[in-house]
Amino acid sequence: MHMSGKSGYQGADGQGSEDERMTMQGAADGGRQRTGRARYRRPALIAGCVVACLVACTSGAAAAGKILGLNAANAKKTMTSPRRSSGGGHQPTSPTGRKATASPTPSAAPARSSPHATASPSHQAPPPGVSRTVTGHQLPRQVGALFDSSGLSGSHHCTASVVNSPGENLIVTAAHCLGSTSDVFVPAYHDGVAPYGVWHLQRIVVDAAWTDDSSPDDDVAFAVVAPLDGRTIQSVVGGYTLGIDEGTGGRVTLTGYPATSQDPVTCTNHISSFSSTQNEIHCTGMTGGTSGTPWVTGDSPGTVMGVIGGYEQGGDTADVSYSVAFGQSVQSLYQEATAGGN
């Protein structure tokens with residue numbers, strides 16, 4: 001007996017016995033019947049497979065759609081979510097006094113009075129104002145440059161402004177700007193010209209806290225100006241009102257003299273509170289020499305509510321400036337400076 005690739009078992013003579021044939025025939029019939037059942041089930045099986053495939057494909061597509069949808073949503077969220085700010089408010093760390101270019105450098109302030117230690121600004125700083133140069137008739141007459149005893153032949157190192165007083169003879173600036181009464185004040189100075197004259201100082205008034213330890217919360221000074229040709233400085237150029245407890249959030253204008261320029265720069269922007277004793281403003285171009293620059297608010301001529309100074313002697317960078325918040329201590333200092341009709 002040998003095996004056929006297709007027919008199954010066969011006898012040695014190729015025919016096989018009757019029993020074998022019957023057995024084989026039964027097997028064949030059974031096989032055909034099974035084959036027949038299989039054949040008749042095949043369309044249904046195929047249809048079932050097709051349906052199963054369709055269901056699987058549909059489920060897969062839905063799942064893929066959900067995944068793609070999630071990925072797209074995540075991508076959109078990433079693209080549209082704003083980046084966090086790294087923090088509110090600029091806080092330089094080195095008290096180098098860059099705003100003033102020629103004045104005694106006070107010692108570092110004690111921790112109790114440092115706004116760096118007490119400030120915790122949570123707001124987002126306003127966009128910085130942009131400074132521009134002002135010349136000629138645009139200059140506010142109340143603002144001027146401070147020179148040393150050499151006068152116009154020397155260089156200017158700070159800025160000051162005239163404030164209204166009973167004696168019509170008072171200017172305000174930063175305490176770190178005034179070393180002695182040998183300094184002179186030149187209102188509306190520009191291009192080497194002193195259109196309203198050169199005015200000498202008679203007396204400087206600073207807080208004892210500044211004298212003792214150069215407290216940045218007391219970096220304000222008033223100076224009594226000597227008459228010139230029989231006239232007071234306020235009668236010649238006018239003056240600003242001194243503003244006490246003006247608050248923050250308003251707009252102020254700064255006009256000050258960079259030490260490297262013969263003309264002042266001016267900038268207007270909103271101010272904000274840096275600490276309970278200090279305010280800050282973002283204005284470009286306020287470099288060395290702008291210490292003492294008045295912070296003027298309100299209608300013309302305006303109210304001076306601060307001067308560049310205080311924390312870091314006004315700020316270590318040209319685009320952020322600080323001022324002591326004018327409060328009761330500044331009011332007391334003003335009263336001392338004006339005592340006796342000055």
Side-chain angles (χ1 to χ4, degrees), residues 134 136-147 156 158-175 177-178 181 183-190 193-207 219-246 250-257 264-268 271 290-309 323-342:
V134 288
H137 69 279
Q138 297 178 327
L139 290 172
R141 296 181 303 169
Q142 300 91 338
V143 180
L146 285 172
F147 290 77
H156 52 89
C158 271
T159 304
S161 61
V162 181
V163 291
N164 296 330
S165 66
E168 298 186 341
N169 58 355
L170 208 61
I171 62 173
V172 63
T173 186
C177 285
L178 294 177
T181 54
D183 288 345
V184 296
F185 176 64
V186 183
Y189 170 79
H190 66 93
V193 178
Y196 301 103
V198 177
W199 299 74
H200 293 267
L201 309 184
Q202 287 183 323
R203 184 163 65 98
I204 297 172
V205 181
V206 296
D207 195 281
D219 192 6
V220 180
F222 292 95
V224 177
V225 180
L228 180 64
D229 298 331
R231 302 185 65 184
T232 63
I233 189 163
Q234 185 178 323
S235 67
V236 174
V237 300
Y240 294 125
T241 299
L242 181 67
I244 301 296
D245 295 327
E246 290 289 322
R251 290 168 62 87
V252 302
T253 297
L254 278 57
T255 304
Y257 287 85
V265 295
T266 189
C267 171
T268 299
I271 68 171
T290 60
S291 279
T293 292
W295 295 30
V296 179
T297 186
D299 297 332
S300 179
T303 298
V304 56
M305 57 171 293
V307 295
I308 289 182
S323 169
V324 173
F326 280 13
Q328 186 55 50
S329 62
V330 174
Q331 178 67 42
S332 299
L333 201 63
Y334 173 80
Q335 291 172 349
E336 180 183 346
T338 58
N342 287 328

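Quantities reported herein were computed from a predicted structural model and do not represent experimental measurements.
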Q. Testing Val225, Leu170, Val224 for side-chain contact (heavy atoms from CB on, under 4.5 Å) with Ile233, which one passes?
A. Val225
Q) Looking at CG of Leu254 and OG1 of Thr290, how far apart are the two atoms once the value is rounded to the nearest 0.5 Å? A) 8.0 Å
Q.
Return the OH to NE2 distance between Tyr189 and His156, rounded to the nearest 0.5 Å.
A. 5.0 Å
**Q.** Leu228 side chain reached by Tyr196 side chain, heavy atoms, under 4.5 Å
**A.** no
(Q) Could you measure the distance from the SG atom of Cys177 to the CG atom of Asp183? Nearest 0.5 Å is fine. (A) 9.0 Å
Q. Does any N or O in the side chain of Thr159 come within less than 3.5 Å of the main-chain N or O of Tyr257, such that one atom is a donor and the other an acceptor?
A. yes
Q. So which pairs with a foot in residues 224-239 pass side-chain hydrogen bond (donor to acceptor under 3.5 Å, both in side chains), sequence neighbours left out?
A. Asn164-Gln234, Glu168-Thr232, Thr232-Ser235
Q: Of all the heavy-atom pairs spanning Ala174 and Gly309, show the shortest one and how long it is.
A: CB-CA, 4.5 Å
Q: May I ask you to check whether Thr297 and Thr303 show a side-chain donor-acceptor distance below 3.5 Å?
A: no
Q. Roughly how far, to the nearest 0.5 Å, is CD1 of Ile204 from OG1 of Thr173?
A. 10.0 Å
Q.
Can you give me the closest heavy-atom contact between Pro294 and Ser161, atom names plus distance?
A. CB-OG, 3.4 Å
Please tabulate, one pair per line, all N/O donor-acceptor pairs under 3.5 Å involving side-chain atoms of residues 236-245, not counting sequence neighbours.
none

